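Before any comments, here is the structure.
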Amino acid sequence: MDDPGAHPPSPRPHAGDGPLIVEIATGDDLPDVLDGAGLRRGRPVLVLVGGADGMDDEVLGRLQDLVRTDLVPLLDEHDVAVVDGGTDAGVMRAIGRARSTAGGRFSLVGVAARGTVAAPGMSSADVAAPEQHHTHLLLVPGSSWGDEAPWLATVADVLADGGPSATVLVNGGEIAYADVERSLERGRPVIVLAGTGRTADALADAIAGRQADRRAVALARTGPIRVVPIEEPGALRSVVAETLGVTSG
């Protein structure tokens, strides 16, 4: 990745409340930088990808309730680190607010391209606000949406450090297809939350053998993908626990 000769940067605290902001220059530095930010490696990791602003308020509310009741206790109990895009929208907003409401303690790590998120020193007008209940926000090289995707996958690998990891897809647009493909290429199982719209529902249809987008059909043939309906209580917790190899309580 870029600038292999750079020294690992130090974490830069965010003024006031909000995530600890950490600048990332090169993938070679990631282990040292994550250690310096207090992020323990060698633990289960859950990657959240998908919808940012593509979900309606009703689905977003159901998702937030589901995350609070199904996931937060499991994540806390087994010290699971969660990695997502870190902005204040969609699934990232849902898990941040659910963690805050439930008093969650697990590490919630956002990964965002430096030029796409509003952070100290960022001057671009075309940026998104960071989700303020995340514990960390890693700013990686890039100025366009999607530039963060390979970094997000790599951060998850480094945090897991050979341990179990899984990806949960909620809703999602064009970038979500690449996120799922990248997870499968790395041997990371994917859990699709059906009923959340767009890419997630297209993949759920493809897995069930129904007519679906050709990209969804192709992905459905490439690796381990499981479908969980959003309306089925306890199913997400059970499948995430099984995939990560932990007990669901």
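The shown structure was predicted, so the numbers you read here are calculated from the model rather than taken from an experiment. Just so you know, residue 1 is the first one in the sequence shown, and it goes up from there.
The only member of V109, V91, I95 that meets side-chain contact (heavy atoms from CB on, under 4.5 Å) when paired with D84 is I95.
The shortest non-hydrogen separation linking L108 to G96 is CD2-CA, 3.8 Å. Minimum interatomic distance between D201 and T196 (heavy atoms only, all atoms of both residues): OD1-N, 3.4 Å. Across all non-hydrogen atoms, the minimal contact from R186 to A153 is NE-CB, 3.5 Å. Between A202 and Y177 the shortest heavy-atom distance is CB-OH, 3.8 Å. Here the closest non-hydrogen pair linking R188 and A156 is NH2-CB, 3.6 Å. Counting all heavy atoms, side chain and backbone alike, A113 lies closest to D147 at CB-CB, 4.0 Å.
Side chain of Q132 to backbone of P130: a donor-acceptor contact under 3.5 angstrom is found. Put simply, the side chain of H136 never gets that close to the backbone of I21: no donor and acceptor are under 3.5 Å apart. Between the E232 side chain and the A235 main chain, no donor and acceptor come within less than 3.5 Å of each other. Side-chain N or O atoms of E148 include one that pairs as donor or acceptor with a backbone N or O of G146 at under 3.5 Å. Of the possible polar contacts, none joining the R237 side chain to the L71 backbone as a donor-acceptor pair under 3.5 Å is found. Under a 3.5 Å cut-off, the side chain of S238 and the backbone N or O of G234 do not form any donor-acceptor pair.
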Take R68 and D65 through the salt bridge (Lys or Arg N to Asp or Glu O under 4.0 Å) test and state the conclusion after the steps. CA-CA 5 Å; R68 177 176 51 81; D65 289 342; 3.4 Å; yes

Step by step, work out the salt bridge (Lys or Arg N to Asp or Glu O under 4.0 Å) result for R215 and E181. CA-CA 10 Å; R215 295 166 296 179; E181 183 176 14; over 6 Å; no

Checking salt bridge (Lys or Arg N to Asp or Glu O under 4.0 Å) for the pair R210/D205: CA distance, chi angles, key distance, verdict? CA-CA 5 Å; R210 296 187 289 268; D205 285 341; 2.9 Å; yes

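Among residues two or more places apart in sequence or in another chain, the side chain to side chain contact (heavy atoms under 4.5 Å, CB included) test is passed with V217 by A206, A212, R221.
For residues 94-109, the set of pairs meeting the side-chain hydrogen bond (donor to acceptor under 3.5 Å, both in side chains) definition, not counting sequence neighbours, comprises R43-S107.
Rounded to the nearest 0.5 angstrom, T199 OG1 and D213 CG are separated by 8.0 Å.
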